[in-house]
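Keep in mind that this is a model prediction, so the values were computed, not measured.
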Amino acid sequence: KQPNILRITCENISLDLGCYGETQVRTPNLDRLAKQGTRFTRVYATCPVCAPSRSAFMTGMYQTSTGTHHMRSHRSDDFRLPKGVRPLTHRLQDVGYSTFNIKRIGKQIVGTGKLDLNFVNEGKIYQSDDWASLNKKQPFFAHINTPEVEYDIYDRKSKSKPRVKWVGEESHPKIATPENVKLPPYYPDHPIARQEWARYLNSVSGMDVGIGRILRQLEKDGLADSTIVIFFADNGRLEPRGIHYCYASGLHVPTIIRWPKHFPAPKDHKPGTVNHQVISLLDLTATTLSLAGVKRPGGMQSRIFLGPDADPPRKFAFSARDRIDETVNRQRSVYDGRYHYIRNFMPRQSLTALNRYREKCMLVMPLARRLHAEDKLKGSAKLLVADQLPIEELYDTKKDPYEVKNLAKSPKHQKALRRLRTALEVWITETGDLGRKPEPPGTVKQFEKEMHDWFGTPKWYRPRFRK
């Protein structure tokens, strides 16, 4: 027999759950899942934004190796994945799994159906979206993409459609308030910043309500004891040093795996345990295949981190950021469990580089610009408005979890700097990093127009875009 597999993906959060120590949220369902399974503490996404990250963990290959590294690329061309690279669901279908991308349970919305892959010519990714068919078509691999943990930012579009309400959205607990939240040190202590942070944390609590609905239905349908549940985020949290940039807040994601009663658990999986090994989110692919009894295909870059066929633990987790929307950039990073090294190949593309999505949806960015102009921005908050990033950044994430003290020039940390720099250079060469090759001319202009139509262009920017 093969176990069923339910994969629940949330969007844009870091370790902001009760089971990871966050006190200004209420996440009883995920906390319970962690007590019943294994909670992983050092999982890094391969990219700090959704489409490249998803393209990687759907194939088990770095997005920079397959040409899927630019945000929402290859949606209207004849691009195909390299030979031998296939979606995870196709490999599972080959061995008898039915595949589902669930949106509703009954009449209640529990998922968005989002794929957001940078390849569209590989055939149908999932076979069905019908939860009611899960009992009839076992073994199954079901995916649920929870509604975005982005509070109401899309209501801030210039031309916005009303959002579809999802289970728990109106009734979720609101534990965080502007008065009780603890802001990151790089946030200005201002009412707008406090309101935004509280809204983010409360939306995490709301996400947990929807996940509780999913897990209860799994129990009700008699599927919980035969289904592996895998919960994780596609990239880090929605904030200026999170999504879009290779800081820990944009890459460090929660991951929880619960094993079913009807299948013998691996020796390295015990309920309520915490796993601190370094894992790349990429490794979910090979691990999922292994749990389904499928050998990892030759050449796959993903590694197995759980079960009898587990690989030796990783020493490093690598990440990359390239063009996102209309903003061209190239960042690479490597994390070893303590130190995090970032290489900025385009240092002038700092957090102040124009990205209309960030400018419209992250109210902290225009706030920081205004406070800076008034000479009221202090301390680490000045990192938000730096004109240029350092070419190299090195952070001790144990002593400095918010990554505000760059140690790249510290004499005491040169050994760590050289070790991680070398590891990154070797990875870039060995994986055939395609980020050095620019996109075709005109690509950026297309996204400039699209983002202008959605979010407008701030007055401070002298636009290259013309209608």
Scan the side chains in residues 332-342 for donor-acceptor partners under 3.5 Å anywhere in the protein, sequence neighbours excluded, and list what turns up.
from: Arg332; atom 1: NE; to: Asp433; atom 2: OD2; distance (Å): 2.7
from: Arg332; atom 1: NH1; to: Arg321; atom 2: O; distance (Å): 3.2
from: Arg332; atom 1: NH1; to: Asp322; atom 2: OD2; distance (Å): 3.3
from: Arg332; atom 1: NH2; to: Asp322; atom 2: OD1; distance (Å): 3.0
from: Arg332; atom 1: NH2; to: Asp322; atom 2: OD2; distance (Å): 3.2
from: Arg332; atom 1: NH2; to: Asp433; atom 2: OD1; distance (Å): 3.0
from: Arg332; atom 1: NH2; to: Asp433; atom 2: OD2; distance (Å): 3.4
from: Ser333; atom 1: OG; to: His340; atom 2: NE2; distance (Å): 3.1
from: Tyr335; atom 1: OH; to: Gly337; atom 2: O; distance (Å): 3.1
from: Asp336; atom 1: OD1; to: Arg338; atom 2: N; distance (Å): 2.9
from: Asp336; atom 1: OD1; to: Tyr339; atom 2: N; distance (Å): 2.6
from: Asp336; atom 1: OD2; to: Arg419; atom 2: NH1; distance (Å): 2.9
from: Asp336; atom 1: OD2; to: Arg419; atom 2: NH2; distance (Å): 3.0
from: Arg338; atom 1: NE; to: Asp396; atom 2: OD1; distance (Å): 2.9
from: Arg338; atom 1: NE; to: Asp396; atom 2: OD2; distance (Å): 3.3
from: Arg338; atom 1: NH2; to: Asp396; atom 2: OD2; distance (Å): 2.8
from: His340; atom 1: ND1; to: Glu403; atom 2: OE2; distance (Å): 2.8
from: Tyr341; atom 1: OH; to: Glu392; atom 2: OE2; distance (Å): 2.5

Considering only distance and modelled atom types, tabulate donor-acceptor pairs under 3.5 Å from the side chains of residues 29-46, sequence neighbours left out.
from: Asn29; atom 1: OD1; to: Arg32; atom 2: NH1; distance (Å): 3.3
from: Asn29; atom 1: ND2; to: Asp208; atom 2: O; distance (Å): 3.0
from: Asn29; atom 1: ND2; to: Asp208; atom 2: OD2; distance (Å): 2.9
from: Asp31; atom 1: OD1; to: Cys19; atom 2: N; distance (Å): 2.8
from: Asp31; atom 1: OD1; to: Thr27; atom 2: OG1; distance (Å): 3.0
from: Asp31; atom 1: OD2; to: Thr27; atom 2: OG1; distance (Å): 3.4
from: Gln36; atom 1: OE1; to: Arg258; atom 2: NH1; distance (Å): 2.7
from: Thr38; atom 1: OG1; to: His269; atom 2: ND1; distance (Å): 3.0
from: Thr38; atom 1: OG1; to: Thr273; atom 2: OG1; distance (Å): 3.1
from: Arg39; atom 1: NE; to: Cys19; atom 2: O; distance (Å): 3.2
from: Arg39; atom 1: NH1; to: Cys19; atom 2: O; distance (Å): 3.4
from: Thr41; atom 1: OG1; to: Asn275; atom 2: O; distance (Å): 3.4
from: Thr41; atom 1: OG1; to: His276; atom 2: ND1; distance (Å): 2.8
from: Arg42; atom 1: NH1; to: His276; atom 2: O; distance (Å): 3.2
from: Thr46; atom 1: OG1; to: Gln63; atom 2: OE1; distance (Å): 3.0

Do Arg348 and Asn329 have side-chain atoms, one donor and one acceptor, less than 3.5 Å apart?
-> no
Salt-bridge contact Arg72-Asp116 (side-chain N to carboxylate O under 4.0 Å) | yes
Any residue meeting side chain to side chain donor-acceptor pair (under 3.5 Å) with Ser290, in chain and number order, not counting sequence neighbours = none
Carboxylate-amine/guanidinium proximity below 4.0 Å for Lys378 and Asp189 = no
Taking atom types as modelled, find out whether His74 and Thr68 have a side-chain donor-acceptor pair closer than 3.5 angstrom.
-> no
Quick one: list whatever passes side-chain contact (heavy atoms from CB on, under 4.5 Å) with Pro82, sequence neighbours left out.
-> Thr66, Val85
Ignoring hydrogens and geometry, is there a side-chain-to-backbone donor-acceptor pair from Asn118 to Ser73 under 3.5 Å?
-> yes
Is the closest basic N to carboxylate O distance between Glu11 and Lys114 below 4.0 Å?
-> yes
Do side-chain atoms of Ser280 reach the backbone of Leu282 as a donor and acceptor pair under 3.5 angstrom?
-> yes
Assess the side chains of Glu359 and Tyr461: does a donor N or O sit below 3.5 Å from an acceptor N or O?
-> no
Any residue meeting side chain to side chain donor-acceptor pair (under 3.5 Å) with Thr352, in chain and number order, not counting sequence neighbours | Ser350
Verify the distance criterion only: is there a donor paired with an acceptor across the side chains of Asn406 and Glu393 at less than 3.5 Å?
-> no
Return the set of residues passing salt bridge (charged side-chain N to carboxylate O under 4.0 Å, His left out) with Glu122 (not counting sequence neighbours), or none when no residue passes.
-> Arg80
Short side-chain to backbone donor-acceptor contact, Glu239 and Arg241, under 3.5 Å | yes
Checking His143 side chain against Asn101 main chain: does a donor-acceptor pair fall under 3.5 Å?
-> no
Classify the angle between the aromatic ring planes of Trp427 and Phe318 as parallel (below 30°), tilted (30 to 60°) or perpendicular (above 60°).
-> parallel
Is it true that Glu425 and Arg421 make a salt bridge, defined as a side-chain N closer than 4.0 Å to a carboxylate O?
-> no
